[in-house]
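Quick note: numbers below take in every heavy atom, side chains included, and nothing from hydrogens, waters or symmetry partners.
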Amino acid sequence: MKKICCLLSVSALLFGLSSCGDEAYDVRLGARRDTAPVTLHAVRYDSHRGVDSAVVEVVGRGLVIPVDASGCATFELAVGDYELRVSRRGYLPVIENVSVTLANDGSDVPVVSARTLDVNLHPLTASAKGYVTRIAEENDRRYQSGAIVRIELTDIETDMVFETRTDDEGAYRIDSLPEGASLFCKAEWYDGGAVYSGSQELSPLFSEAQSGLPTIAMTREEYSCSYDILAMPETPTGALSLTFPVAADVDAIRIDQILVLDREERQVGVLASWSDGDRVLNIRSADPKGWRTGSTEDYTFSVNVPNVEGGRLTASGTFGIATRTGRLAVVRSEYDPATGMITWPLLENALSYKIYVADSDDNDYVVKDNFAPEDGLTGEYPVNSLIDVNERKVYYVKVVGVNSQYEGDLAAAKELTIAHINPYPVFYESNTNTLHWQSVGCATAYRIYLKRQGADTYSLESTVSASADNSGEMSLSIFSIIDRGDYGTYFVKVVGVMENVSGNVNSAEEVEIPYYYY
């Protein structure tokens, strides 16, 4: 990184533009004694002739000024630190860091140690290609696919990135590299906790694509180490603090390497700042409400950063703000067959609710879902999310509250019985006047409900015992529920029964029976 120190006085930042001669033109009014000129001269690296059509940007100040025909741009600069970016289409952008200071404590007259600064521009006409191998064991060298290959410049600062990955045969190629620059080629590959790396210095490249470049051989470094760096936020708007050990290469840490995920594993927006000598990273939620209050496991984070001595430093953990605590009351849940919904009044200190389900085949309760209702007074859960609509069973459901300390008492929780045992399909055979349905394995009997066309409600007409082996098809003559001479249109529902538990009439399949004399 190059740094130019110009000595001048304090006050406003002014900018001017001229050729490399003595004449300068003020772009903004100001006291000239508070500024001093700094001239950048963009030249081609090999001929040192001025490059026209280049531009100079004062990074972070929103100012971009073109050079003149000779490649010069002159700035009137006040005291401060500046990052100047010189660029031209087809050339490598170059960054020059300029610090402007006072001549001495008692002076307000600017003193400039170097009025003109030459900036070498390199055309992006070169290419590099080669192979990457991994030394797995002694004398066991393999071409490595998927390795990251980076080209770095050894004596030029730029914000341009040259990176690729090797193909299936371990080959790489990077185009649009700066001609005539000293380059360094690095390769890395990660295998779980192990890190393989290697590097190769390249001779300056020129416009023709290079061939026969040395193969980069990667060797294994030490395994990554894990460490505890987490300090949990004390309040919803407090900071999650990550304290990195001396071994961490904090200069190489990017915020997008710090992943914070919510309970649904969605990435959370964060605001970050460094403290304590740039070794503590403080992360706050970008949500104005801060970290959503709830369980201490509401958020997870992971870190994967370079180690100054090679390898990677990794860490992961969970955090959250636990605000709802204490033992939980029994959930007063209800089931409405008409809507197919389970509902219950929400508990004040519950963060979520576990939905437990058992059935007539397996009486052991298992968790089907951990459900967090939206804000409100009532929780609501669809039965169809708990049962297999193709399985005819009696289901037993319990809802218990959960918070960061406790879970409700499953044994004491109210049990809901959901009899999903109505036979399906049910159909009417008109030529034999017979009703048919498929047996339900757990049913002990079937109730036959009937209503005539125009009637509002069904009435129970008959109860049929299940067959001895309770398998196959059941049949019933309609004359067991309809008089032979009572013609008209009827509607029938067959409802399953298991001991004293009956299926729901409303959800049973409705079958139309047109019974007429012809």
Side-chain angles (χ1 to χ4, degrees), residues 333-343 357-363 380-397 415-518:
S333 55
E334 300 291 343
Y335 169 55
D336 184 354
T339 63
M341 301 299 293
I342 298 172
T343 58
V357 179
D359 59 48
S360 50
D361 288 344
D362 186 356
N363 293 321
E380 190 175 68
Y381 198 91
V383 166
N384 283 346
S385 296
L386 300 175
I387 69 176
D388 184 345
V389 295
N390 297 314
E391 290 286 343
R392 274 16 196 190
K393 296 181 182 179
V394 175
Y395 293 88
Y396 306 97
V397 179
E415 183 177 81
L416 302 177
T417 301
I418 301 170
H420 187 60
I421 55 176
N422 292 340
Y424 180 85
V426 181
F427 62 94
Y428 170 58
E429 187 178 9
S430 59
N431 62 337
T432 62
N433 295 314
T434 306
L435 197 66
H436 302 273
W437 66 87
Q438 185 64 38
S439 295
V440 176
C442 64
T444 55
Y446 302 93
R447 293 175 179 172
I448 314 301
Y449 288 83
L450 179 72
K451 77 172 183 178
R452 192 163 189 149
Q453 189 174 34
D456 294 330
T457 59
Y458 278 89
S459 60
L460 177 62
E461 294 295 325
S462 178
T463 299
V464 180
S465 298
S467 61
D469 60 358
N470 203 11
S471 63
E473 185 178 278
M474 296 285 293
S475 300
L476 178 71
S477 171
I478 66 167
F479 297 127
S480 64
I481 55 175
I482 299 173
D483 291 338
R484 288 182 178 270
D486 196 3
Y487 302 111
T489 299
Y490 296 86
F491 297 92
V492 174
K493 289 189 175 185
V494 181
V495 176
V497 180
M498 190 191 80
E499 298 175 350
N500 62 342
V501 177
S502 176
N504 181 253
V505 177
N506 291 331
S507 62
E509 182 184 14
E510 184 177 73
V511 178
E512 182 178 349
I513 300 177
Y515 175 56
Y516 295 98
Y517 176 75
Y518 297 99

Peer 1: Looking only at heavy atoms, which two atoms of V495 and A508 are closest? And how far apart?
Peer 2: CG2-CB, 4.1 Å

Peer 1: Would you say Y335 and V383 make side-chain contact, with heavy atoms under 4.5 Å?
Peer 2: yes

Peer 1: Start with the C-alpha distance between I342 and I418, add both sets of side-chain angles, then the distance that settles side chain to side chain contact (heavy atoms under 4.5 Å, CB included), and finish with yes or no.
Peer 2: CA-CA 10 Å; I342 298 172; I418 301 170; 4.2 Å; yes

Peer 1: Is any side-chain heavy atom of P423 closer than 4.5 Å to one of R392?
Peer 2: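 Contact flag for R392/P423 side chains = no.
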
Peer 1: Atom OG1 of T489 and atom CD of Q453: how far apart are they, to the nearest 0.5 Å?
Peer 2: 4.5 Å

Peer 1: Taking the six-membered ring for Trp, are F479 and Y515 ring centroids under 6.0 Å apart?
Peer 2: yes

Peer 1: Under the 3.5 angstrom rule, does the side chain of D359 hit a backbone N or O of V394 as a donor-acceptor pair?
Peer 2: no

Peer 1: Would you say that Y424 contacts Q438 through its side chain, given a criterion of any heavy-atom pair below 4.5 Å between the two side chains?
Peer 2: no

Peer 1: Tell me, with the steps shown, if I482 and Y490 meet side chain to side chain contact (heavy atoms under 4.5 Å, CB included).
Peer 2: CA-CA 9 Å; I482 299 173; Y490 296 86; 3.6 Å; yes

Peer 1: Quick check against the 3.5 Å criterion: does K493 have a side-chain atom that pairs as donor or acceptor with the backbone of V505?
Peer 2: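 Pair found, side chain donor or acceptor close to backbone of V505.
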
Peer 1: If you measure only the distance, is there a donor-acceptor pair under 3.5 Å linking the side chains of T417 and E415?
Peer 2: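 Per modelled atom types, T417 and E415 side chains form no pair under 3.5 Å.
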
Peer 1: With side chains defined as the heavy atoms from C-beta onward, is the minimum distance between Y395 and L416 less than 4.5 Å?
Peer 2: no

Peer 1: Give the minimum heavy-atom separation between Y428 and N433, together with the two atoms involved.
Peer 2: OH-OD1, 2.8 Å

Peer 1: Ignoring hydrogens and geometry, is there a side-chain-to-backbone donor-acceptor pair from Y446 to V440 under 3.5 Å?
Peer 2: yes

Peer 1: Any side-chain heavy atom of I448 sitting closer than 4.5 Å to one from V494?
Peer 2: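 Result yes, sub-4.5 Å side-chain heavy-atom pair found.
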
Peer 1: With rounding to the nearest 0.5 angstrom, report the OG to CD distance, S477 to E429.
Peer 2: 11.0 Å

Peer 1: Give the minimum heavy-atom separation between M498 and S360, together with the two atoms involved.
Peer 2: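 Smallest interatomic distance, heavy atoms only, reads SD-CB, 4.0 Å.
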
Peer 1: Can you tell me how far apart OG (S465) and CE (M474) are? Round to the nearest 0.5 Å.
Peer 2: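 Atom-to-atom, S465:OG and M474:CE are 8.0 Å apart.
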
Peer 1: When the ring planes of F427 and H436 are compared, do they come out parallel, tilted or perpendicular, using 30° and 60° as the limits?
Peer 2: parallel

Peer 1: Nearest 0.5 Å, please: how far is OG in S459 from CZ in R452?
Peer 2: 12.0 Å

Peer 1: Can you check side chain to side chain contact (heavy atoms under 4.5 Å, CB included) on I478 and V492, steps first, answer last?
Peer 2: CA-CA 10 Å; I478 66 167; V492 174; over 6 Å; no

Peer 1: Taking C-beta and beyond as the side chain, do P337 and N506 meet within less than 4.5 Å on heavy atoms?
Peer 2: no

Peer 1: If I take atom CH2 from residue W437 and atom OG from residue S475, how far apart are they, to the nearest 0.5 angstrom?
Peer 2: 7.5 Å

Peer 1: Taking C-beta and beyond as the side chain, do E509 and N422 meet within less than 4.5 Å on heavy atoms?
Peer 2: no

Peer 1: As an exercise, state the distance from CD of E499 to OG1 of T444, rounded to the nearest 0.5 Å.
Peer 2: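 Here the rounded value is 6.5 Å.
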
Peer 1: Under the 3.5 angstrom rule, does the side chain of D483 hit a backbone N or O of G485 as a donor-acceptor pair?
Peer 2: no

Peer 1: Does any non-hydrogen side-chain atom of K393 lie less than 4.5 Å from one of I387?
Peer 2: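 They are not in contact (no side-chain heavy atoms under 4.5 Å apart), so the answer is no.
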
